[in-house]
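These notes concern the structure reproduced below.
Order of the sequence lines sets the chain letters (A, B, ...), proteins ahead of strands, with each chain counted from 1.
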Protein chains: 2
Amino acid sequence: MRLYAHFMGMPADERLGLDIKRAEQALIAAKQAAVRPAGLTVPQYATLLALAGNPGISGAALARVCLVTPQAMTVVLKNLEERGLIERSPHPWHRSVLETRLTETGRAALEAADERAVVIERAIAAEFSAEERKTLRGLLARCNDAIARAASEL
Amino acid sequence: MRLYAHFMGMPADERLGLDIKRAEQALIAAKQAAVRPAGLTVPQYATLLALAGNPGISGAALARVCLVTPQAMTVVLKNLEERGLIERSPHPWHRSVLETRLTETGRAALEAADERAVVIERAIAAEFSAEERKTLRGLLARCNDAIARAASEL
DNA sequence: TGATGGCCATCAAGGTTTTGATACTGTGCC
DNA sequence: GGCACAGTATCAAAACCTTGATGGCCATCA
């Protein structure tokens, strides 16, 4: 079956975006399967991972690190807090910011999840030589730049 | 600010998944900005594009083409139908399947959206030489394979 | 001191996605 | 004919994400 039509502006098999999307789709599906046994979703795992490296960070800053909106992060944090994986307390000086930290339970969940998630990352890394990894990262970075340029001139 | 900790199993700057995720994030953000003026979301745009190439396809088949679950596609189709961009009618033989087709309005919306979305794809294509495009697709495909292998052995 | 701007948190509404479960229909096999 | 199987559609619950809008807090500057 033909996936996409050619009547539109560009033939489907020349759209590199599809290749990137496919790779990311496979990646997120694999990670989901990896972190699920630890009782976490992918966004929750990403949040805990970022939190482990930045204790006491604010929700908005955490959102920037995880590349989501502050509102989206709020929901994730609320779920994590209800389950006791994180704890939030008002910042001593700036009362408007809530400091967020991992609990022991949260760190344990993160470690269980990361142990399995890292298998995926190792598999990707093992597929390529050091030279190829460098090439892939370089190409993806240029891709990023091109997209950003195009979007800003839209 | 350090994005991710190293206490976990693998340093963050060796995780190629992050590069892929970043590229896809930039891509989807750019496409969102592109199709928004046409009154479409990215999933809606993807659905209409697939529909243009496969008139009369069933909802479940459409879901497979767009790499989403049938349930997710149902919601998208319901929104599109309520706005008159598509129409669904029972299949003459198989009464359980609903044939879906673009309406004239839908085709117009798709063309308006694609005109802008294709700018992004062209920008990506223009960033690379033919050789580089081939390399990038090859690396992403191998990445895909590695992920699939790792996920199946999880 | 008072005003402006920036950062933070939050409410609200709409859209997308996932998992799980149910039901109907047509096909192929016994 | 009867039965299991595959494909399709759909309901329900939970989670995530987005845009838009609001209110509180702090620092800077006039």
**Prompt:** Do B:Ile124 and B:Leu27 come close enough that some side-chain heavy atom pair is under 4.5 Å?
**Reply:** yes
**Prompt:** Should A:Leu51 and A:Leu110 count as side-chain neighbours, where that means a heavy-atom distance under 4.5 Å?
**Reply:** no
Interatomic distance where [atom1] belongs to [X] and [atom2] belongs to [N] [whole Å]:
X       : N      : atom1 : atom2 : value
A:Lys31 : D:dC16 : NZ    : P     : 17 Å
B:Lys78 : D:dT8  : NZ    : P     : 20 Å
A:Arg88 : C:dT10 : CZ    : P     : 6 Å
A:Leu77 : C:dC11 : CG    : P     : 14 Å
A:Leu98 : D:dG24 : CG    : C1'   : 12 Å
A:Leu80 : D:dC16 : CG    : C1'   : 12 Å
A:Lys21 : C:dT17 : NZ    : C1'   : 12 Å
B:Ile57 : D:dA9  : CD1   : P     : 10 Å

Does [X] make a side-chain N or O approach to OP1 or OP2 of [N] shorter than 4.0 Å?
X       : N      : result
B:Asn79 : C:dT16 : yes
A:Thr74 : C:dA9  : no
A:Arg64 : C:dC8  : yes
B:Ser58 : D:dG7  : no

Between the protein and nucleotides 17-19 of chain D, which nitrogen or oxygen pairs are less than 3.5 angstrom apart?
unit_1, atom_1, unit_2, atom_2, d
D:dT18, OP2, A:Thr69, N, 3.1
D:dT18, OP2, A:Thr69, OG1, 3.0
D:dT19, O3', B:Arg36, NH2, 3.1
D:dT19, O4, A:Gln71, NE2, 3.4

**Asked** Just wondering, are more than 12 heavy atoms of other shown residues or ligands nearer than 6.0 Å to CD in A:Glu82?
**Response** yes
**Request:** Locate the shortest heavy-atom distance separating A:Ala113 from A:Leu40; write the atom from each residue and the value.
**Result:** CB-CD1, 3.7 Å
**Request:** Would you list the pairs meeting side chain to side chain donor-acceptor pair (under 3.5 Å) in which at least one residue belongs to residues 136-148 of chain A, sequence neighbours left out?
**Result:** A:Arg137-B:Asp19, A:Arg142-B:Glu127, A:Arg142-B:Glu132
**Prompt:** Which one of B:Val35, B:Leu85, B:Leu49, B:Val76 satisfies the side chain to side chain contact (heavy atoms under 4.5 Å, CB included) criterion with B:Gln44?
**Reply:** B:Val76
**Asked** Does a salt bridge link A:Glu99 with A:Arg101, judged by any charged N lying under 4.0 Å from a carboxylate O?
**Response** yes
